[in-house]
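The next block holds one structure in the form of structure tokens; read it before the comments.
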There are 2 protein chains.
Amino acid sequence: MIDTKQKILDTAERLIGERGYAATSLRQIISEAGVNLASIHYHFGSKEELLDEVILRKAVPVNAERLARLDRLEADAGGAAVSVDQVLEALLMPMAEVADREPRFVAVMGRMISEGLIHGIAEKHFQVVTARVFAALRRALPDLPEQEFLWRAHFMTGAMAYTMCVSPSRVLPGTPVGSYRERIERLIGFVAAGFLAPVREISQVETTK
Amino acid sequence: MIDTKQKILDTAERLIGERGYAATSLRQIISEAGVNLASIHYHFGSKEELLDEVILRKAVPVNAERLARLDRLEADAGGAAVSVDQVLEALLMPMAEVADREPRFVAVMGRMISEGLIHGIAEKHFQVVTARVFAALRRALPDLPEQEFLWRAHFMTGAMAYTMCVSPSRVLPGTPVGSYRERIERLIGFVAAGFLAPVREISQVETTK
DNA sequence: GTCTATACTGAGATAGAC
DNA sequence: GTCTATCTCAGTATAGAC
């Protein structure tokens with residue numbers, strides 16, 4: 001059957017979202033999908049490449065939407081810089097909307113990030129968007145020293161990855177969760193302030209110990 | 001020999017730092033340490049508990065120093081709130097100093113976070129410090145709505161974990177790396193601005209308080 | 001109390017018949 | 001394309017030697 005591949009993808013997506021990548025064995029996937037063990041390696045090559053396809057088939061439209069929003073913003077600005085807030089919205093809102101619509105997708109993405117599996121094909125794919133976003137932010141912050149900008153972009157990436165993928169109730173029990181859209185809006189406020197902060201002087205000597 | 005345990009710990013620390021936790025097999029560790037396979041389970045019980053001890057023997061002094069700095073700050077303030085910057089320094093500087101002194105420790109911590117292994121004993125141990133820090137930050141930000149505060153604490157955690165553990169050159173080639181101390185100072189500026197930012201209006205919300 | 005040798009179970013991967 | 005059988009290697013468990 002030709003839908004063997006689809007059954008594998010759907011079952012893998014569900015199980016990885018529920019239990020995590022490492023905790024999901026190929027034998028569990030084939031058992032629930034009703035296919036043969038070797039068919040996974042026939043269609044995907046390896047467990048890792050199966051994960052790549054699970055991610056990519058959902059990430060492709062999100063990244064396309066991000067690029068489309070950036071195109072629109074830059075066209076509207078007509079050569080001027082797009083604001084930090086707007087760039088962050090273009091980056092984060094498409095993901096938040098999908099996250100609220102398809103909780104299973106964000107579960108897999110969360111597992112992927114929290115298990116440290118952002119590498120290979122998936123990483124390269126996201127870097128297309130990343131490069132565009134960083135370039136737009138750089139234009140919005142022309143006076144920020146280059147090193148400071150690079151570090152702040154790094155901090156943003158960390159806050160972003162963690163926010164999308166780690167439930168805050170694990171760290172702070174009692175935190176109400178709400179929609180992804182809402183948490184992303186809060187994140188944008190936080191990150192934008194960080195980007196626009198005055199540059200802190202870096203002390204040269206050691207601390208009071 | 002009584003130092004079998006030490007040899008295992010040292011070798012595990014090195015290999016996990018170099019290759020990651022998942023990619024380091026117990027058989028690699030025993031081979032390089034020159035001990036028997038079963039001795040790992042005799043001394044530690046399991047691979048996961050071995051990781052716990054590798055982390056803990058370095059994390060304990062760092063966390064002690066963090067608590068000591070918080071104690072000192074709060075004593076100096078004499079009942080008044082300690083500033084956001086100061087709390088963040090108490091949390092982050094001890095780690096930065098150890099990171100610059102012992103690169104192997106931060107390599108292991110980085111692997112631990114990037115492979116999503118913050119659970120069990122290690123997590124509980126860090127949460128003692130986390131609770132103190134969040135309480136101090138809450139007092140420094142009395143006017144911030146509770147939900148907003150919790151989310152911002154969450155964003156900070158993400159930026160922190162990512163900053164300590166992911167080399168920025170992986171994401172943005174060409175970024176000069178510098179000392180951990182320096183990057184932590186930049187991080188404090190970024191995070192403090194995020195905490196002190198005006199509260200952004202949430203567009204379409206039902207707040208679950 | 002420590003360490004060694006060895007066996008058990010389950011993982012991902014692969015070769016070859018159909 | 002699919003399936004059976006098998007391979008290698010992982011973490012784990014245990015019996016028994018010093």
Side-chain angles (χ1 to χ4, degrees), chain A residues 1-57 108 111-112 114-123, chain B residues 1-57 108 111-112 114-123:
Chain A
M1 292 191 238
I2 200 136
D3 60 355
T4 297
K5 198 169 174 178
Q6 285 303 315
K7 284 196 290 190
I8 295 171
L9 281 171
D10 292 340
T11 308
E13 181 179 277
R14 181 168 55 82
L15 292 180
I16 292 172
E18 285 170 8
R19 320 173 177 182
Y21 174 77
T24 302
S25 74
L26 296 184
R27 285 167 175 85
Q28 288 171 334
I29 295 172
I30 60 147
S31 162
E32 301 215 8
V35 301
N36 186 270
L37 176 58
S39 64
I40 290 186
H41 290 93
Y42 174 76
H43 285 290
F44 302 97
S46 71
K47 187 185 180 184
E48 205 169 324
E49 287 169 288
L50 167 60
L51 177 66
D52 273 339
E53 287 219 33
V54 168
I55 298 291
L56 278 187
R57 71 170 178 166
V108 175
R111 294 294 189 172
M112 187 177 113
S114 75
E115 294 184 53
L117 301 165
I118 320 181
H119 47 224
I121 299 171
E123 183 175 30
Chain B
M1 295 187 227
I2 197 89
D3 59 357
T4 296
K5 198 170 173 178
Q6 285 303 316
K7 283 196 290 191
I8 294 171
L9 280 171
D10 292 340
T11 309
E13 181 180 276
R14 181 168 53 81
L15 292 181
I16 292 172
E18 285 169 8
R19 319 172 179 182
Y21 174 76
T24 302
S25 74
L26 296 183
R27 285 168 175 85
Q28 288 171 334
I29 295 171
I30 60 143
S31 163
E32 300 215 9
V35 302
N36 185 271
L37 176 58
S39 63
I40 289 186
H41 290 91
Y42 175 75
H43 286 289
F44 302 96
S46 70
K47 187 185 181 184
E48 205 169 325
E49 287 169 289
L50 167 59
L51 177 65
D52 273 338
E53 287 220 33
V54 168
I55 299 290
L56 279 187
R57 71 171 178 166
V108 175
R111 294 294 189 173
M112 188 178 113
S114 76
E115 293 183 54
L117 301 165
I118 320 182
H119 48 225
I121 299 171
E123 182 174 30

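All chains are named by letter (A, B, ...) in the order of the sequence lines, taking the proteins before the strands, and each is independently numbered beginning at 1. Worth knowing before you read on, the calculation uses all heavy atoms, side chains too, and leaves out hydrogens, waters and symmetry mates.
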Among [options], which nucleotide sits nearest the side chain of [X]?
X: B:H43; options: D:dC3, C:dC3, D:dG11; value: C:dC3
X: B:A38; options: D:dT12, C:dA5, C:dG12; value: C:dA5
X: A:T4; options: D:dT2, D:dA13, C:dA13; value: D:dT2
X: B:Y42; options: D:dT2, C:dT2, C:dT14; value: C:dT2

C:dG10 base to A:R27 side chain: any donor-acceptor pair below 3.5 Å?
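For A:R27, whose side chain was compared with the base of C:dG10, there is no donor-acceptor pair (under 3.5 Å).
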Taking the side chain as every heavy atom from C-beta outward, state whether [X] and [Y] have any atom pair closer than 4.5 Å.
X: A:E18; Y: A:L15; value: yes
X: B:F44; Y: B:L9; value: yes
X: A:R14; Y: A:E32; value: yes
X: A:L26; Y: A:H41; value: yes
X: B:R57; Y: B:E13; value: yes
X: A:K47; Y: A:I40; value: no

Can you tell me the distance, in whole Å, between the [atom1] atom of [X] and the [atom2] atom of [N]?
X: A:L50; N: C:dA11; atom1: CG; atom2: P; result: 15 Å
X: A:H41; N: C:dT14; atom1: NE2; atom2: C1'; result: 8 Å
X: A:I30; N: C:dA11; atom1: CD1; atom2: C1'; result: 12 Å
X: B:F44; N: C:dT2; atom1: CZ; atom2: C1'; result: 13 Å
X: A:I40; N: D:dG1; atom1: CD1; atom2: C1'; result: 15 Å
X: A:N36; N: C:dA13; atom1: CG; atom2: C1'; result: 13 Å

Note: for A:G34 and B:Y21 on DNA chain D, the residue whose nearest nucleotide lies more 5' is A:G34
A:V54 and side chain to side chain contact (heavy atoms under 4.5 Å, CB included): which partner among A:L56, A:D52, A:L50?
A:L50
How would you label the contact of A:S39 with the nucleic acid (heavy atoms, under 4.0 Å): base, sugar-phosphate, or nothing?
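If one applies the 4.0 Å heavy-atom cut-off, A:S39 turns out to touch nothing in the nucleic acid.
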Taking any heavy-atom pair under 4.0 Å as a contact, classify A:L37: base, sugar-phosphate, or nothing.
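Base contact.
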At what angle, to 10 degrees, do the two end axes of the helix from C:dG1-D:dC18 to C:dC18-D:dG1 meet, given five pairs define each axis?
10°
